[in-house]
Amino acid sequence: MFTYVTDVHDTEQAIAAGGLVPVVVLQDAADAAPLAEALLAGGLRCVEVTFRTDAAAAAIAAMARYPELLVGAGTVLTVEQAGRALDAGARFVVSPGFGPAVVRQCAGAGVPVYPGAATATEIQMAVDAGLRTVKFFPAEPLGGAPMVQALAAPFRDMRFIPTGGITSAQLPAYLALPSVLAVGGTWMVAPDLLAARDWAEVTRRTAAAVAVAADSRKER
Ligand SMILES: O=C(O)C(=O)C[C@H](O)[C@H](O)COP(=O)(O)O
């Protein structure tokens with residue numbers, strides 16, 4: 001349980017605590033507050049709001065008002081987006097690939113940044129940049145948990161947030177790996193649920209995922 005995150009280490013601990021990063025695409029920032037409450041009711045205290053829509057910055061600002069929720073920004077492709085994310089109160093930043101300018105900007109601001117990495121070369125770029133956690137994207141098409149395990153072998157200090165094509169069914173295989181910090185995905189916050197404002201179903205899927213994640217961790 002945490003109420004306030006002060007540095008990179010605390011942020012990673014907070015993300016690792018639930019083992020899940022719901023990846024949200026919000027069309028309307030007015031939905032941010034009910035969504036935050038639905039996730040919290042499901043037992044999750046972390047969310048990634050993607051810059052796939054114009055509502056992202058306002059949604060991050062609305063969710064950042066919940067002190068028990070760790071709110072990050074996703075799909076951050078440019079320094080302009082990163083700046084808006086940080087101004088809105090994002091406490092971590094995620095990108096689909098490795099963007100040196102975004103990584104430098106976040107590191108300079110002291111905000112944890114998790115760039116996407118799909119190959120050993122990209123992981124080595126993250127090592128060069130002084131990072132110790134990357135998003136592994138797109139996880140399922142790239143080979144899933146066995147691929148993470150294979151990549152983790154030479155990168156002993158690297159932690160991974162596999163994301164892309166994952167649902168509850170694949171969660172245990174990923175979370176059984178000590179190198180996996182958390183698993184990201186949209187299945188708890190699927191676009192059809194958000195469009196229908198079906199917050200009860202978001203809470204139900206979140207609670208189910210939280211339970212699977214907790215069980216999977218016991219296997220480590
Ligand atoms: O937007 C980004 O920055 C991305 O890198 C892509 C998302 O993480 C995936 O789209 C996750 O979505 P699912 O595969 O539905 O779980």
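Here, residue 1 is the first one in the sequence, and each next residue gets the next number. In listed order, ligands and their atoms are each counted from 1.
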Donor on one side chain, acceptor on other, Q149 and S179, under 3.5 Å: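 Result is no, nothing qualifies.
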For T119 and E122, indicate whether the former's side chain and the latter's backbone hold a donor-acceptor pair under 3.5 Å.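 Checked: pair present.
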For V76, does its backbone N or O pair with a side-chain atom of S95 as donor and acceptor, under 3.5 Å?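 Judged by distance alone, yes, a pair lies under 3.5 Å.
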So which heavy atom in the protein is nearest [atom], and how far is it from that ligand atom?
atom                    : answer
atom 4 (C) of ligand 1  : K135 NZ, 3.2 Å
atom 14 (O) of ligand 1 : G165 N, 2.7 Å
atom 11 (C) of ligand 1 : T163 CG2, 3.8 Å
atom 6 (C) of ligand 1  : R52 NH2, 3.0 Å
atom 12 (O) of ligand 1 : T186 CG2, 3.3 Å
atom 1 (O) of ligand 1  : T75 OG1, 2.5 Å

Sub-4.0 Å heavy-atom contact, G164 with ligand 1: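 It does; at least one heavy atom falls under 4.0 Å.
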Would you say [X] and ligand 1 have an N/O pair spaced under 3.5 Å apart?
X    : answer
W187 : no
T50  : no
I166 : no

Taking only heavy atoms of P96 into account, list the atoms of ligand 1 that are under 4.0 Å away from them.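 By the 4.0 Å cutoff, the relevant atoms are 3 (O), 5 (O).
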Would you mind listing which atoms of ligand 1 come within a distance below 4.0 Å of any non-hydrogen atom of G185?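 Those of ligand 1 that fall under 4.0 Å from G185 are 16 (O).
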Check whether any side-chain heavy atom of E68 lies under 4.5 Å from a side-chain heavy atom of L40, and answer yes or no.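 Answer yes - side chains close enough.
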Are the side chains of F51 and L77 in touch, meaning some heavy atoms are under 4.5 Å apart?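 The answer is no, as the side chains (C-beta and beyond) never meet within the 4.5 Å cut-off.
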Hey, what's the ring geometry for Y114 with F92, parallel, tilted or perpendicular (30° and 60° as the breaks)?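 Ring orientation of Y114 relative to F92: tilted.
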List the steps and the verdict of side-chain contact (heavy atoms from CB on, under 4.5 Å) for F160 and I123. CA-CA 10 Å; F160 298 87; I123 297 168; 3.6 Å; yes
Salt bridge or not for D28 and R197, using N-O below 4.0 Å?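 A salt bridge is present here (some side-chain N lies under 4.0 Å from a carboxylate O).
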